[in-house]
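Accompanying notes for the structure given below.
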Amino acid sequence: MSFGKLLQSMFMLVFTGIISLNLAAKEYLVDSPAAYKKVAKSLTAGDTVILANGTYQDFEILFTGKGTKQKPITLTAETKGKVVLSGQSNLRLAGEYLVVSGLIFKNGYTPSSEVIAFRRNKKDFAYHSRVTETVIEDYSNPDKREGDYWVALYGKHNRFDHNYLAGKRNKGVTLAVRLNDKNSQENHHRIDHNYFGPRPIFGSNGGETLRIGTSHHSLSNSYTLVENNYFDQCNGEVEIVSVKSGKNQLRDNVFFESRGTLTLRHGNGNVIENNVFFGNGVDHTGGIRVINKDQIIRNNYLEGLTGYRFGSGLTVMNGVPNSPINRYHQVENALIANNTLINVDHVQLAAGSDAERSAVPISSRVESNLIVNENNKQPFTLFDDVSGIAFENNVANTAPLTSLATGIEQQPVTLKRAENGLLYPTNISKNTSSNLGVSRDLTPITKAQTGPNWYPKTTGETAFGSGKTIKVTAGEDALFTAVANAEDGDVIELANGQYNARKVIFIDKTLTIKAKHSQKASLTFERGTFFEILDGGNLSLDGLVIDGSNSPDYSGNTLVRTKKWGMTENYRLLIKNSLIKNLDINHSFHVFESGKGAFANEITLTNNDFVNISGDILRLDKEIEDLGVYNAEYVNVVNNRFNNVSGALIKLYRGGSDESTFGPHLLMTGNTTNNLGLGKRNSTNASLFLHGVQVTRVDNNSLNNSAPIVVEHTVGEPITEIIKNQLSTAPSVVELRVEGEHTAILKDNSFQSNKTSVK
């Protein structure tokens with residue numbers, strides 16, 4: 001054979017091989033679960049399955065196969081964002097080098113324990129696989145106490161990136177890295193460029209956004225990398241991120257107005273660096289909580305954080321001597337260096353110190369940090385011996401505590417915001433090390449740089465009054481019809497006149513119902529409830545006269561209630577500038593009653609008159625199993641007048657010993673009462689019954705001829721202030737879990753019983 005023919009033959013062999021390789025990689029367009037299952041059984045390296053645009057109901061996808069690094073097996077959408085999985089749908093992927101992209105999970109919930117699982121079963125995991133540009137939004141079990149994960153990472157060397165996760169409302173971690181098998185430990189997963197959108201306050205334990213490991217496997221190493229993610233208003237519970245394993249890196253993430261902390265709960269040798277926390281003064285925004293051995297916290301920027309105790313800007317915990325694996329291990333050999341803390345209200349050291357948590361931090365260093373509070377408030381609180389923490393080369397603009405003065409130099413500090421959006425000092429003394437605080441090249445990732453670029457980040461509460469105004473004149477069913485036709489955010493404006501409701505009015509959107517002229521629109525109702533708040537509902541009543549005299553002659557009527565059981569979405573209720581009267585046609589006629597499982601972000605009563613009420617004003621006491629669950633986060637009662645109310649003004653209950661939440665919070669100021677809480681059916685015998693409330697301020701109220709205030713402290717370090725009130729009798733405050741005198745501040749109150757002011 002001539003050289004030319006030999007060369008031609010070799011070329012044909014190579015060309016034929018290329019054609020064979022191309023022919024081997026197949027592309028399938030499928031438009032139904034049945035069509036998908038037919039092709040899914042025979043997928044090989046390089047194949048691509050394309051889901052046709054549309055909505056797929058109750059589609060449980062099992063995606064398996066063995067691809068290669070050069071030729072992965074791919075599952076994707078025909079058009080990214082145009083394929084929606086709804087109802088009881090989910091995704092399992094198992095095998096090697098699998099890639100999933102472009103899907104949306106919405107309008108339903110998973111029938112299993114995970115929406116996306118990097119496994120087929122307990123033995124068959126995913127390796128070197130990836131889920132990218134996928135959305136899970138509001139895909140929550142309607143029973144909020146029924147737990148699941150939205151994403152569970154198993155196996156090794158998997159990547160979860162550029163995804164959008166927002167609106168998880170039921171129990172369970174949004175994204176969990178699972179280490180309960182040796183094939184999932186030392187996994188080297190990468191979690192990056194994801195948008196973790198708002199997670200509403202859950203109101204009990206089980207609301208973490210990201211968790212790496214569990215306490216049972218916390219002495220195992222995970223080697224998980226979490227970088228360049230955006231945590232936006234992730235408010236589920238005190239632990240936004242819960243690290244429960246070793247050798248993880250969490251870097252270059254942004255935490256925006258998120259209540260809680262990045263918590264090193266279990267596991268050793270983790271590195272937390274280059275993260276940015278923007279609290280913007282939002283309540284309970286926190287930073288980093290340190291527990292366990294060999295943790296490194298460096299070059300993090302924290303600004304505008306208000307949290308305290310376990311949710312403070314920087315917390316170093318006490319541990320339990322010889323701690324069991326699920327409790328608090330002693331802080332040892334921690335390095336906290338080159339961090340910048342600007343307007344951080346609280347830095348708490350040896351936090352949680354008590355009879356059990358008595359092992360103080362040891363062999364640890366805090367060095368080259370910049371701490372500036374523009375209000376000149378010194379942020380440090382020491383709860384135990386901190387001599388095991390060496391302070392060196394730190395600068396603060398406030399006078400340090402005496403025990404820390406050798407390691408924190410006080411200097412006046414002028415700050416200037418740089419192009420990267422962070423504040424840096426302009427006038428630090430030359431005697432101070434030049435590497436103080438965070439580096440100049442730290443650049444926070446933006447919200448726009450995370451998640452799929454084709455899916456809008458428009459999450460958040462609808463503001464009252466943000467929609468159109470609907471003008472209504474008095475007439476039969478006029479209000480009922482207006483509510484039915486209104487849209488989210490609308491204002492229903494009632495002209496002067498009489499409005500009678502024959503049917504219960506269900507509220508499943510954000511609505512304001514107000515009188516055009518204050519207290520010139522009069523409302524009555526013929527059912528046992530006037531308004532019922534459903535999922536998606538938020539209600540504001542403004543300037544109305546509401547009269548219960550047309551209500552049925554039954555006990556247990558309510559003006560407003562939530563769905564009796566099973567609400568998933570948090571709600572808001574505002575009543576202001578209104579007259580509520582004659583809710584007394586029978587006994588136990590309440591103004592508001594929460595259903596079990598319902599949770600209010602806010603309930604506010606402002607400048608109202610409540611007259612002749614045979615029941616309670618606010619009943620927020622349905623969670624009596626003592627599991628740390630409660631019915632409302634913020635309750636505000638301001639400048640109201642209450643006359644002839646047989647029941648309690650507020651019954652607010654949070655039981656149990658769980659420490660993973662911040663509330664409830666009660667503010668009561670500027671109110672007057674007369675003949676409150678003295679009815680024979682008021683089982684608490686209290687005007688206010690507050691059990692386990694975490695933050696209470698009752699000030700400048702006048703409670704005449706009224707039952708006493710009853711406070712029962714349970715878990716945590718509750719803050720109770722009862723100040724400058726005129727009361728019928730002295731408040732009752734008891735500690736149910738801590739021995740000794742109560743911790744409430746009772747000051748400058750006077751009592752009708754003896755006309756003596758008690759300081």
Side-chain angles (χ1 to χ4, degrees), residues 27 29 48-56 61 63 72-86 89-91 93 97-108 115-116 118 126 128-139 150-151 153 158-168 174-175 189-199 209-210 224-234 240-241 250-258 274-278 419-421 442-462:
E27 188 173 284
L29 177 65
T48 298
V49 180
I50 301 172
L51 294 180
N53 293 346
T55 298
Y56 295 79
I61 301 174
F63 182 45
I73 303 173
T74 301
L75 171 65
T76 191
E78 181 181 11
T79 305
K80 291 178 180 178
K82 299 292 186 180
V83 173
V84 178
L85 296 154
S86 63
S89 298
N90 57 22
L91 167 67
L93 58 156
Y97 293 101
L98 307 173
V99 177
V100 179
S101 66
L103 309 180
I104 295 176
F105 289 87
K106 199 169 184 179
N107 300 323
V115 180
I116 298 176
F118 283 70
H128 299 284
S129 295
R130 181 183 184 191
V131 173
T132 184
E133 292 190 277
T134 290
V135 172
I136 309 177
E137 184 174 31
D138 295 329
Y139 203 67
W150 273 9
V151 180
L153 283 165
N158 296 312
R159 185 180 181 192
F160 187 80
D161 67 285
H162 292 89
N163 301 290
Y164 177 110
L165 306 175
K168 192 174 197 301
T174 305
L175 189 159
H189 296 319
R190 184 182 178 196
I191 300 168
D192 66 286
H193 293 89
N194 300 290
Y195 176 71
F196 293 98
R199 177 155 193 186
T209 294
L210 170 62
T224 296
L225 174 61
V226 180
E227 64 176 349
N228 291 304
N229 301 284
Y230 198 95
F231 295 85
D232 187 1
Q233 300 177 66
C234 295
I240 306 166
V241 175
L250 290 90
R251 67 190 186 198
D252 299 298
N253 303 287
V254 168
F255 295 79
F256 181 81
E257 295 184 2
S258 292
N274 305 339
N275 301 286
V276 173
F277 297 77
F278 290 123
E419 290 185 3
N420 62 1
L442 177 59
T443 303
I445 195 166
T446 65
K447 186 188 299 188
Q449 292 173 301
T450 61
N453 58 16
W454 43 263
Y455 198 80
K457 300 177 180 70
T458 56
T459 53
E461 290 183 334
T462 301

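All residue numbers in this chain count up from 1 along the given sequence.
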Can you measure from [atom1] ([X]) to [atom2] ([Y]) and round to the nearest 0.5 angstrom?
X    : Y    : atom1 : atom2 : result
R130 : T134 : CZ    : OG1   : 10.5 Å
L103 : I61  : CG    : CD1   : 6.0 Å
N158 : H189 : CG    : NE2   : 5.0 Å
W150 : T209 : CH2   : OG1   : 10.0 Å
N253 : N275 : CG    : CG    : 5.0 Å
Y139 : L85  : OH    : CG    : 7.0 Å

For N107, enumerate each residue passing the side-chain hydrogen bond (donor to acceptor under 3.5 Å, both in side chains) test, keeping only those at least two apart in sequence or located in another chain. none

Determine yes or no for a side-chain-to-main-chain donor-acceptor pair under 3.5 angstrom, with [X] supplying the side chain and [Y] the backbone.
X    : Y    : answer
N53  : V83  : no
Y455 : N163 : no
S258 : Q233 : yes
N420 : L442 : yes
N90  : I116 : no

Sub-4.5 Å side-chain heavy-atom contact between [X] and [Y]:
X    : Y    : value
I191 : T224 : yes
L165 : F160 : yes
D192 : L225 : no
W454 : T79  : no

Take L75 and V99 through the test side-chain contact (heavy atoms from CB on, under 4.5 Å) and record every step on the way to the result. CA-CA 6 Å; L75 171 65; V99 177; over 6 Å; no

Do the ring centers of F231 and F255 come within less than 6.0 Å of each other? yes

Work out which heavy atom in [X] is nearest to a heavy atom in [Y]; give both atom names and the distance.
X    : Y    : answer
Q449 : H193 : O-CD2, 3.8 Å
F63  : I73  : CZ-O, 3.5 Å
C234 : G197 : SG-O, 3.7 Å
Y164 : P452 : CB-CD, 3.7 Å

I would like to know whether V241 and L250 meet side-chain contact (heavy atoms from CB on, under 4.5 Å); could you show each step before the answer? CA-CA 10 Å; V241 175; L250 290 90; 3.7 Å; yes

Under the side chain to side chain contact (heavy atoms under 4.5 Å, CB included) rule, collect the residues that match up with H128, sequence neighbours excluded. Y97, H157

With a 3.5 Å cut-off and no angle check, do the side chains of [X] and [Y] form a donor-acceptor pair?
X    : Y    : value
N194 : T450 : no
T55  : S86  : no
R199 : T174 : yes

Test: D161 and R190 ion pair at under 4.0 Å: no

Tell me whether the rings of Y195 and Y230 are parallel (<30°), tilted (30 to 60°) or perpendicular (>60°). parallel

F118: which residues meet the ring-ring contact (aromatic ring centres under 6.0 Å, His included) condition with it, sequence neighbours left out? none

Verdict with reasoning, D232 to K447, per side-chain contact (heavy atoms from CB on, under 4.5 Å): CA-CA 8 Å; D232 187 1; K447 186 188 299 188; 3.1 Å; yes

Evaluate L210 against V226 for side-chain contact (heavy atoms from CB on, under 4.5 Å), listing each step before the verdict. CA-CA 10 Å; L210 170 62; V226 180; 3.8 Å; yes

Report the C-alpha separation of S101 and T132 in whole Å, then their side-chain angles, then the decisive distance to 0.1 Å, and conclude whether the side-chain hydrogen bond (donor to acceptor under 3.5 Å, both in side chains) test is met. CA-CA 5 Å; S101 66; T132 184; over 6 Å; no

